Trainee: 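Take a look at this one; I'll ask things after.
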Amino acid sequence: MSRNSHRFPIPDLGVVSLAIAATGLLSGLFLAFHYAPTLDAAHPSLLHLETHVVLGAMLRGIHHWCGTVALVLAALHGLRLWSRAGYLPPRRRLWVLGCGIAFVLLGFAYTGYLLPGDERAYTGLGVMESVADSTPWIGSQVSAILIGGDTISSATLTRIYAVHVFVLPVLLVLLVAAYARQWRRVGPLVTEPNGALSRPLLLAAVAAALLLTVVLAALAPPVLGPTADPTGAGAPDARPEWFFLWVNQLLRWWPGSPFLIAGVLPAAIALLIVLLPWAHRATARRVVVVFGLLILGSILGLTGVAVGTAPDNEPGPEPEAIEAPGAEEVEAR
């Protein structure tokens with residue numbers, strides 16, 4: 001009997017994550033028939049979908065929560081592999097491809113958050129523009145490429161929509177195909193219980209994840225805020241999705257460094273994750289674990305601080321000037 005046979009088998013969360021992502025792609029195909037990727041029509045098209053299309057609001061909720069559930073499952077799968085050193089040879093290439101898949105899922109969630117055309121999404125577009133514009137030496141060029149001109153316009157939404165529905169799906173299919181091919185060569189982790197990859201267990205896990213997604217879509221549907229007003233001051237609590245709340249909290253503390261905080265820092269962490277197999281080889285396992293826990297704890301702690309921040313504490317418009325007492329009497333005299 002294997003020394004791991006007594007453990008409760010855990011399904012391959014990576015496979016479950018991909019199944020939820022596939023469901024998100026299917027629901028997104030339905031939404032594509034109703035969504036208009038322009039600054040003026042994006043919000044009305046989603047409002048029409050939710051109010052006049054049968055099951056439109058439900059399908060939009062499923063699409064929204066598929067992105068979140070797939071991303072969380074992918075993160076849990078990566079943490080599980082990290083805890084078991086499942087990134088070492090001969091699985092190093094699998095780790096790199098898996099990181100690429102996770103980053104694509106993150107790209108789906110991020111670009112989807114920018115598309116609704118409400119105040120929150122428009123503020124997110126503004127943050128993206130400011131971060132790109134703060135790039136040293138080539139900021140204006142990078143910003144123009146991302147937003148499609150000098151200011152946020154319909155061209156901006158069109159570009160993000162093209163990335164969301166064309167570029168990212170193609171990347172996902174290619175990465176999953178390469179991952180499956182490599183997985184057939186090296187097989188599962190030897191420390192996995194035999195039942196972890198059984199078909200009934202995987203089907204049950206996928207069914208449970210799909211049920212969770214449907215329940216979340218019904219009980220906590222995505223909120224469509226007021227229409228974006230390019231001439232207004234923006235929403236007072238236009239915070240990003242949960243996966244970037246830690247970045248938003250750092251930007252609130254140090255608003256003068258958007259490129260370093262929202263550009264360089266996340267990219268550096270992503271690069272460290274991808275290079276983890278080589279970092280493990282160069283240092284002791286204990287150093288890798290401690291450093292990883294430090295990064296993970298910092299991100300979770302900052303996210304907790306951001307979640308605990310009341311919307312009323314978010315920066316808002318400057319208060320209007322208040323006339324000093326007795327001013328009217330002085331003028332009357």
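Fair warning: this is a prediction, and the values are worked out from it, not measured in the lab.
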Trainee: Do you know which two heavy atoms are closest between Val274 and Pro277, and how far apart they sit?
Mentor: O-CD, 3.4 Å
Trainee: Identify all side-chain donor-acceptor contacts of residues 88-104 below 3.5 Å with residues at least two apart in sequence or on another chain.
Mentor:
residue : atom : partner : partner atom : Å
Arg91   : NE   : Gly86   : O            : 3.4
Arg91   : NH1  : Gly187  : O            : 2.5
Trp95   : NE1  : Ile273  : O            : 2.7

Trainee: Tell me every residue that passes ring-ring contact (aromatic ring centres under 6.0 Å, His included) with Trp82, counting only those two or more places apart in sequence or in another chain.
Mentor: none
Trainee: Under 4.5 Å between any side-chain heavy atoms of Phe259 and Val264, yes or no?
Mentor: yes
Trainee: Does Val206 reach the side chain of Leu210, with side-chain heavy atoms less than 4.5 Å apart?
Mentor: yes
Trainee: What residue pairs, at least two apart or across chains, pass ring pair (Phe, Tyr, Trp, His ring centres under 6.0 Å) with a residue in residues 120-145?
Mentor: none
Trainee: Can you confirm whether Pro37 sits close enough to Leu115 that some side-chain heavy atom of one is under 4.5 Å from a side-chain heavy atom of the other?
Mentor: no
Trainee: With sequence neighbours excluded, tell me which residues meet salt bridge (Lys or Arg N to Asp or Glu O under 4.0 Å) with Glu129.
Mentor: none
Trainee: Would you say that Leu25 contacts Leu172 through its side chain, given a criterion of any heavy-atom pair below 4.5 Å between the two side chains?
Mentor: yes
Trainee: Looking at CG of Leu114 and OG1 of Thr156, how far apart are the two atoms once the value is rounded to the nearest 0.5 Å?
Mentor: 10.5 Å
Trainee: Using distance only, find each side-chain donor-acceptor pair of residues 291-305 under 3.5 Å and give its atom names and separation, not counting sequence neighbours.
Mentor:
residue : atom : partner : partner atom : Å
Ser298  : OG   : Leu294  : O            : 2.8
Thr303  : OG1  : Ile299  : O            : 2.8

Trainee: Under the rule for side chain to side chain contact (heavy atoms under 4.5 Å, CB included), what residues qualify as partners of His63, not counting sequence neighbours?
Mentor: Ser27, Leu31, His164
Trainee: Quick one: does Leu125's side chain get under 4.5 Å of Ile147's, heavy atoms only?
Mentor: no
Trainee: So, using side-chain hydrogen bond (donor to acceptor under 3.5 Å, both in side chains) as the criterion, who are the partners of Thr23 when residues are at least two apart?
Mentor: none
Trainee: Under 3.5 Å, side chain of Trp65 to main-chain N/O of Ala220, donor-acceptor pair present?
Mentor: yes
Trainee: Hey, what else clusters with Leu219 if you join Ile, Leu, Val, Met, Phe, Trp, Tyr whenever side-chain heavy atoms sit under 4.5 Å?
Mentor: Leu211, Val215
Trainee: Any non-hydrogen side-chain atom of Thr135 less than 4.5 Å from a side-chain atom of Gln141?
Mentor: no
Trainee: If you define the side chain from C-beta out and look only at heavy atoms, does anything of Pro266 sit under 4.5 Å from Val247?
Mentor: yes
Trainee: Heavy-atom distance under 4.5 Å between the side chains of Leu265 and Leu260, does that happen here?
Mentor: no
Trainee: If you measure from CZ on Phe108 to CG on Leu168, what distance do you get to the nearest 0.5 Å?
Mentor: 5.0 Å
Trainee: For residues 164-189, which residue pairs pass the salt bridge (Lys or Arg N to Asp or Glu O under 4.0 Å) check, not counting sequence neighbours?
Mentor: none
Trainee: Could you state the interatomic distance from CG (Leu105) to CG (Leu18), rounded to the nearest 0.5 Å?
Mentor: 7.0 Å
Trainee: Any side-chain to backbone donor/acceptor pair from Arg120 onto Arg239? Under 3.5 Å, distance only.
Mentor: yes
Trainee: Quick one: do Leu79 and Val72 end up in the same hydrophobic cluster if we chain Ile, Leu, Val, Met, Phe, Trp and Tyr together by side-chain heavy atoms under 4.5 Å apart?
Mentor: yes
Trainee: Are Val223 and Leu245 connected, step by step, through hydrophobic side chains (Ile, Leu, Val, Met, Phe, Trp, Tyr) whose heavy atoms are closer than 4.5 Å?
Mentor: no
Trainee: Can you sort out the partners of Phe244 under ring-ring contact (aromatic ring centres under 6.0 Å, His included), two or more places apart, ordered by chain and number?
Mentor: Tyr110
Trainee: Val163 and Pro169: which non-hydrogen atoms are nearest, and at how many Å?
Mentor: O-CD, 4.1 Å
Trainee: Nearest 0.5 Å please: distance from the CZ atom of Arg159 over to the CD1 atom of Ile145.
Mentor: 8.0 Å
Trainee: Does anything in residues 13-45 pair up under ring pair (Phe, Tyr, Trp, His ring centres under 6.0 Å), and if so which pairs, sequence neighbours excluded?
Mentor: Phe30-His34, Tyr35-Tyr161
Trainee: So which pairs with a foot in residues 35-57 pass salt bridge (Lys or Arg N to Asp or Glu O under 4.0 Å), sequence neighbours left out?
Mentor: Glu50-Arg60
Trainee: When rounded to the nearest 0.5 angstrom, what distance separates OG1 in Thr227 from CG in Leu47?
Mentor: 7.5 Å
Trainee: I'd like to know if Leu216 and Val16 are part of one continuous hydrophobic network [Ile/Leu/Val/Met/Phe/Trp/Tyr, side-chain heavy atoms within less than 4.5 Å].
Mentor: yes
Trainee: How far apart are the C-alpha atoms of His77 and Val15, what are their side-chain angles, what is the distance that settles it, and do they pass the side-chain contact (heavy atoms from CB on, under 4.5 Å) test?
Mentor: CA-CA 9 Å; His77 180 64; Val15 176; over 6 Å; no
